[in-house]
Amino acid sequence: MQSITLRQPDDWHLHFRDNDMLAETVPATARCFARAIVMPNLVPPVTNAELAMAYKARIEAARPAGSQFEPLMTLYLTNQTTPADITAAKAAGVVACKLYPAGATTNSDAAVKGINALYPVFEQMEKDGVLLLIHGEVTESHVDIFDREKVFIDQYMAKIVKDFPGLKVVFEHITTADAADFVLGNGDNIAATITPQHLLLNRNDLLVGGVRPHNYCLPVLKRNTHQQRLREVVAQGSTKFFLGTDSAPHAKHRKENACGCAGCYSAWSAIELYAEVFEQLGAMDKFEAFASENGPDFYGLPRNTGTITLVKESWQVPDLVTLADGTEMVPFFAGQTLNWKLA
Ligand code: NCD
Ligand code: ZN
Ligand code: ZN
């Protein structure tokens with residue numbers, strides 16, 4: 001296969017960050033995606049309709065000339081979020097709310113401490129048709145970091161999905177066979193995003209031969225049997241799984257650090273890397289549904305009508321991206337050769 005044309009894809013999990021960074025991140029995503037679910041973990045977080053709409057306007061202002069790219073906005077749930085916040089957000093066009101257990105990941109300190117206290121908010125989301133997006137990891141210090149996703153399923157995810165059958169839940173950036181099987185084994189109200197890094201890599205790629213900070217993201221890469229299960233479920237083509245890059249830029253010096261932060265900046269290579277995965281799996285016929293159909297179908301949004309074309313052509317991911325203010329970032333797969341290129 002020398003080229004593939006597919007319905008224009010969307011990115012159902014993305015971090016743009018804010019202000020000056022938008023000049024870098026918005027064009028990077030808009031080069032191939034029509035829409036993206038914009039994560040709300042800014043400092044301070046996007047916790048209400050007004051903040052979400054102001055953020056949306058900043059993103060739109062950073063689009064390349066003529067771009068129709070559409071940011072899909074989300075709210076960051078806290079223990080102060082009220083059902084009235086949900087209704088106001090829905091009216092303003094917010095499509096989903098993000099649940100971060102406090103301390104689970106980058107900029108999640110202000111997030112949710114007692115998930116059960118949010119039940120009135122979940123009820124309102126169910127009524128208003130606002131989706132619940134979950135970073136599914138427990139944060140208790142006694143739980144091993146490699147077990148945190150599985151324990152979250154057992155302690156919270158299973159209960160939320162059962163208690164709110166009309167609430168659409170996206171299990172974000174799944175990393176384990178347990179999560180894939182949980183999603184497959186439950187009803188139509190649960191789906192999941194999968195990142196390129198969790199399909200391409202396992203924890204050996206993080207730790208063997210030296211610590212590789214640019215492969216460090218949360219949830220952390222797992223053992224290869226989990227990676228294999230994620231690859232299997234996308235190759236099988238279940239409609240419950242869709243593209244969410246979790247592209248999450250951080251400055252080079254903050255990742256190459258004694259306490260390096262979590263996140264892979266994949267926007268410049270994500271669609272190409274997914275193409276590589278589906279080709280490796282002999283499942284190119286499942287790529288379009290994963291990238292461009294399962295996501296909008298689950299969200300209840302129209303599928304895009306445009307197309308993109310990828311061609312079989314080698315190119316190298318740049319070693320560095322430098323922002324206008326001089327900040328350097330190392331993109332995901334920096335310096336490596338990819339086989340697919342956006343035409
Ligand atoms: C994300 C970030 O940097 O904002 N980091 C990550 O490792 N994925 C946060 C997140 O998605 O959990
Ligand atoms: Zn997350
Ligand atoms: Zn994320």
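Positions are given from 1, in the same order as the sequence printed here. Atoms within each ligand, like the ligands themselves, are counted from 1 in listed order.
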Peer 1: With respect to Ala262, determine whether any N or O atom, backbone or side chain, lies less than 3.5 Å from an N or O atom of ligand 1.
Peer 2: yes
Peer 1: Non-hydrogen atoms of His173 versus ligand 1: any pair closer than 4.0 Å?
Peer 2: yes
Peer 1: Hey, would you say the His13 and His173 ring centroids sit under 6.0 Å apart?
Peer 2: yes
Peer 1: Under 3.5 Å between some N or O of ligand 1 and some N or O of His250?
Peer 2: yes
Peer 1: Is there a side-chain hydrogen bond (donor to acceptor under 3.5 Å, both in side chains) between Asn224 and Asn204 once you walk through the steps?
Peer 2: CA-CA 8 Å; Asn224 63 351; Asn204 281 3; over 6 Å; no
Peer 1: Decide whether the shortest distance between a heavy atom of Glu172 and an atom of ligand 1 is less than 4.0 Å.
Peer 2: no
Peer 1: Do the rings of Phe242 and Phe298 sit parallel, tilted or perpendicular, given the 30° and 60° boundaries?
Peer 2: tilted
Peer 1: Should the proximity of Met39 to ligand 1, defined as any heavy atom under 4.0 Å, be assigned to the side chain, the backbone, both, or neither?
Peer 2: neither
Peer 1: Under 6.0 Å between ring centres, would you say that holds for Tyr299 and Trp12?
Peer 2: yes
Peer 1: I want to know whether Phe290 and Phe278 have ring centres closer than 6.0 Å.
Peer 2: yes
Peer 1: Show which atoms of ligand 1 fall inside a sub-4.0 Å distance from at least one heavy-atom site of Cys217.
Peer 2: 7 (O)
Peer 1: Enumerate the atoms of ligand 1 whose separation from the nearest heavy atom of Asp246 is less than 4.0 angstrom.
Peer 2: 6 (C), 8 (N), 11 (O)
Peer 1: Regarding ligand 1, does Lys98 bring an N or O atom to under 3.5 Å of one of the ligand's N or O atoms?
Peer 2: no
Peer 1: Check His15 and report its N/O/S atom nearest to the Zn ion (ligand 3), by atom name.
Peer 2: NE2
Peer 1: Establish, from distance only, whether the side-chain atoms of Thr309 and Thr5 form a donor-acceptor pair under 3.5 Å.
Peer 2: yes
Peer 1: Closer than 4.0 Å to some heavy atom of His13 - which atoms of ligand 1 meet that?
Peer 2: 11 (O)
Peer 1: Any atom of ligand 1 sitting under 4.0 Å from a heavy atom of Arg17?
Peer 2: yes
Peer 1: Would you say the Zn ion (ligand 2) has His135 as a near neighbour, meaning an N/O/S atom of that residue under 2.8 Å away?
Peer 2: yes
Peer 1: What atoms of ligand 1 come closer than 4.0 angstrom to any heavy atom of Ala248?
Peer 2: 1 (C), 2 (C), 3 (O)
Peer 1: Identify, for atom 1 (C) of ligand 1, the protein heavy atom at the shortest distance, and state residue, atom and that distance.
Peer 2: His15 NE2, 3.7 Å
Peer 1: For atom 4 (O) of ligand 1, state which one of Leu42, Thr105, Asn41 supplies the nearest heavy atom.
Peer 2: Asn41
Peer 1: Can you say whether the rings of Phe164 and Phe122 are parallel (under 30°), tilted (30 to 60°) or perpendicular (over 60°)?
Peer 2: perpendicular
Peer 1: So, is Gly263 polar-close to ligand 1, with some N/O to N/O distance under 3.5 Å?
Peer 2: yes
Peer 1: With a 4.0 Å cut-off, would you call Arg212 and Asp205 a salt bridge?
Peer 2: no
Peer 1: Between Tyr100 and ligand 1, is there a nitrogen or oxygen pair with a distance under 3.5 Å?
Peer 2: no
Peer 1: Does NZ or CZ of Arg223 come closer than 6.0 Å to the centre of the six-membered ring of Phe146, within 45° of the ring's axis?
Peer 2: no
Peer 1: Just which atoms of ligand 1 are under 4.0 Å from any heavy atom in Leu218?
Peer 2: 6 (C), 7 (O), 8 (N), 12 (O)
Peer 1: Only one of Arg17, Lys255, His214, Glu256 passes side chain to side chain donor-acceptor pair (under 3.5 Å) with His250; say which it is.
Peer 2: Arg17
Peer 1: Which atoms from ligand 1 have a heavy atom of His135 less than 4.0 Å away?
Peer 2: 12 (O)
Peer 1: With a sphere of 6.0 Å drawn around CD of Gln236, does it hold more than 12 non-hydrogen atoms of other residues, nucleotides or ligands?
Peer 2: yes
Peer 1: Taking both backbone and side chain into account, is any N, O or S atom of His173 nearer than 2.8 Å to the Zn ion (ligand 3)?
Peer 2: no
Peer 1: What is the name of the N/O/S atom of Asp246 that is nearest to the Zn ion (ligand 3)?
Peer 2: OD1
Peer 1: Hey, what's the ring geometry for Tyr100 with His135, parallel, tilted or perpendicular (30° and 60° as the breaks)?
Peer 2: tilted
Peer 1: Is any NZ, NE, NH1 or NH2 atom of the basic residue among Lys150 and Asp154 found under 4.0 Å from an Asp or Glu carboxylate oxygen of the other?
Peer 2: yes
